[in-house]
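Labels below follow one simple rule: chain letters A, B, ... track the order of the sequence lines, proteins then strands, and each chain is numbered from 1. Just so it is clear, the model here is predicted, and its values are computed rather than measured.
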2 protein chains.
Amino acid sequence: MRAASIKDVANHAGVAVGTVSNVLNYPERVAPRTRSRVLASISTLGFVRNDVARQLRAGHSRTIGLIVLDIGNPFFSSLARAAEDAAADSGNAVVLGNSGHDSHRELHYIDLFEEQRVQGVLISPVADITQRLTALAERGTHVILVDSPAGEGAFSSVSVDDVSGGYLATKHLLGLGRRRIAFVAGPQHFHQVRDRLTGTTRAVGEVVGATLEVLQADDLTVLAGRAIGDALVRRERESLPDGLFCANDLLALGVMQSITMLHNLRIPEDVALVGYDDIDFAASAVVALTSIRQPTALIGQTAVELLAEQLEDPQTTPRSVVFKPELVVRASTNG
Amino acid sequence: MRAASIKDVANHAGVAVGTVSNVLNYPERVAPRTRSRVLASISTLGFVRNDVARQLRAGHSRTIGLIVLDIGNPFFSSLARAAEDAAADSGNAVVLGNSGHDSHRELHYIDLFEEQRVQGVLISPVADITQRLTALAERGTHVILVDSPAGEGAFSSVSVDDVSGGYLATKHLLGLGRRRIAFVAGPQHFHQVRDRLTGTTRAVGEVVGATLEVLQADDLTVLAGRAIGDALVRRERESLPDGLFCANDLLALGVMQSITMLHNLRIPEDVALVGYDDIDFAASAVVALTSIRQPTALIGQTAVELLAEQLEDPQTTPRSVVFKPELVVRASTNG
DNA sequence: TCCTTTGTTTGAATCGATTCATTGATACGG
DNA sequence: CCGTATCAATGAATCGATTCAAACAAAGGA
């Protein structure tokens, strides 16, 4: 049994297909009697408009592609949710692609979305794929960069100033009188990690007598943080940092767990600890974690708005919106 | 500048549209010389196949709709990721809809997905919407229930036996010699909450002298858990439960934070604590949390497989796959 | 040389909704 | 009673890829 088409409805109601279409799209153009007759037929036949056909005619779909690095990461899931909400307001849907930091999967999704003629692609790129994105844009699919260096002038972008976030976090530690600062870095190929380190370096450089040590974690996970913590507690007391800034909250929570479990060190008395992202769990850690909050929802929403701008007037000059992160002080720096 | 169509390619290469289509879909049917000429034209024109037109002809899309209750919840984000992976293997994409426990948004997504003629809908329903889903299925869109009571015979479903999970958790507490059991419930309209309570009740009923108390939390969040914990620590010592089972990990972590912060109670000596879901943070809590692990990835993957079964043979009898959850013992019950 | 077989290529018809120029019907003013 | 304006309804053309019967070409056999 085939699904009912607009033609079936037209036959059943004894009108032309154009009239059915008008009932669906411009009800006021149709006489009330005809309209209700058509609506009755629609209901009895269980007709559901085929959006694929509609899209073909319209030349574009009603969906927006969103490609994130890791949907399991609260930063992105929150961002995705906000983007989805914002898109829903304008009757659009968000198709989610999870690249998982894998360039192949990323390209796969770009191809897929281009074939599906999405209205635009919101992407948090794994690496530099400006070429592919430029080609995409030239063929008419709008591109908005999310959480990515704003430098690439060709596209609109939304990002958070990670340098300023790193600066903020470190300045806070220094303001508490801490001088032996350590930055727990994740893999350096993440620009977020590099930027946050840059901010830290700058802040440390502004205070005489302050030193900076970089501890390299293998990953941005709780487990990797625990490994760093395990290494720290084995050190001589005097060689320990007294202010620790971690590239993200997961690392910070891992470090915290390790440090508090072994009871050698107290937070914040011995080591003050700052994370990054302010995930839900930051507040519910052993010692509530001071962190840098990124306006994730705002990012997602703004990305959709930037896309809407482009759609409305394709000639618009691309805009870059940069949000400032915010310091959230909790017990881990505030004994 | 319009995007190049198959017709443009045909003109450019000096062949018929059918030939271009064959190059794309059945390259072996086309003579090598013609084929390479067409491929060259495709490349110079930057042609990208319009999947919308292809779908119209095919009668269905290459996407699967997934409607989850809350994408911010690690259970669902992990499930979504797995479903996406599984779908990608068969060249399909997953469109994600986040109902946020809101019936209106849920229906909105069902409508949207039906209009988009997705191959099937994987849904974790907010409430009982069997009627709407039945109508959907009758018109040819397959439906797979995810993490939902398997009872509704008309659809295939994947779920986890929450009753058995509740039983498992409580049996574990009882096995440790705990007799004053309390269940921290979330809102009772979640069938997961009800089922887990049923399992707990059953386990407690099997042990003479064991009592069960139900503490009602307003929500399934860390904050709500903290409120329950705050209320507990104010009690007389002898009226306190010695075994606490929470409807999910977030609640458990909240309770834990409250209890350990006020230092009145030790975990597990005074109160043994069990959560549910085994989210990433369960292992990295103040006291590593004993929890019930659900095979989230397997659920997502299985849902896609069940859909594939339906697609292959629409006459297949619906199947219900029920996974058994697993107890993960950590420090919170194992001092 | 003619017929058959095999292998390629062609292009009109199709999917379902939208668009829009055209037709038809009705009302109104003079 | 006619001409014109207004409002409804019509249905062929369109979007772009796929399908498939038919045309065509080249090679081989009789």
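With the nearest nucleotide of DNA chain C identified for both B/N22 and A/F47, B/N22 has the one nearer the 5' end. Both B/R29 and B/L56 sit near DNA chain C, but only B/R29 has its closest nucleotide nearer the 5' end. Comparing A/R35 and A/V17 along DNA chain D, the residue whose closest nucleotide (by nearest heavy atom) sits nearer the 5' end is A/R35.
Considering only the side chain of B/Y26, D/dT19 comes nearest among C/dT19, D/dG16, D/dT19. With D/dT18, C/dT10, C/dA17 as the candidates, the nucleotide lying closest to the side chain of A/A53 is C/dA17. Counting only heavy atoms from C-beta on, B/S21 has its side chain closest to D/dT18 among D/dT18, D/dA12, D/dC15. Here the side chain of B/R57 is nearest to one of C/dC15, C/dG16, D/dT10, namely C/dC15.
Taking side-chain N and O atoms only, B/T19 has a distance below 4.0 Å to OP1 or OP2 of C/dT10. A/R49 has a side-chain polar atom (N or O) that falls below the 4.0 Å cut-off from OP1 or OP2 of C/dT18. OP1 or OP2 of C/dC15 has not a single side-chain nitrogen or oxygen of A/N50 nearer than 4.0 Å.
Sorted by first then second residue, the ring-ring contact (aromatic ring centres under 6.0 Å, His included) pairs that include residues 96-133 of chain A, not counting sequence neighbours, are A/H101-A/F190, A/Y109-A/F113.
The NE2-P distance, from A/H60 to C/dA17, rounds to 17 Å in whole Å. Rounded to an integer number of Å, the gap from CZ of B/R62 to P of D/dT18 is 11 Å. As a whole-Å value, the separation of B/K7 NZ from D/dC15 C1' is 9 Å. Summarising the geometry, the separation between CD1 on B/I6 and P on C/dT10 is reported as 13 Å, rounded to the nearest angstrom. Straight-line distance from the CG atom of B/N11 to the C1' atom of C/dT10: 14 Å, rounded to whole Å. Nucleotide D/dG16 holds its P atom 9 Å from the CZ atom of A/R117, rounded to whole Å. When the P atom of C/dA17 is taken as reference, atom CD of B/E115 falls 10 Å away, rounded to whole Å. In this structure, CG of B/L24 is placed 14 Å from C1' of D/dT19, rounded to the nearest angstrom.
Among the atoms of the strands shown, only primed sugar atoms or phosphate atoms (P, OP1, OP2) are found under 4.0 Å from some heavy atom of A/R54. Residue B/V20 is out of contact with every strand shown, counting any heavy-atom pair closer than 4.0 Å. Here A/V52 lies out of heavy-atom contact (under 4.0 Å) with every strand. Contact annotation for B/G18: base contact, defined as any heavy-atom pair under 4.0 Å involving a base atom. Contact annotation for B/S5: backbone-only contact, meaning every heavy-atom pair under 4.0 Å involves sugar-phosphate atoms and none involves a base. Contacts of A/N25 with the nucleic acid, taken as non-hydrogen atoms under 4.0 Å apart, involve only primed sugar atoms and P, OP1 or OP2.
Here the options are B/L122, B/I144, B/L311, B/T316, the test is side chain to side chain contact (heavy atoms under 4.5 Å, CB included), and the partner is B/L306; only B/I144 passes.
Salt bridge B/E28/B/R35: absent, no basic N to carboxylate O contact under 4.0 Å. The pair A/E305-A/R319 fails the salt-bridge criterion, with no side-chain N (NZ, NE, NH1 or NH2) lying under 4.0 Å from an Asp/Glu carboxylate O.
A donor atom on one side chain and an acceptor atom on the other are not found under 3.5 Å apart for A/D147 and A/Q294. Checked by atom type, the side-chain pair B/S157/B/S320 shows a donor-acceptor distance below 3.5 Å.
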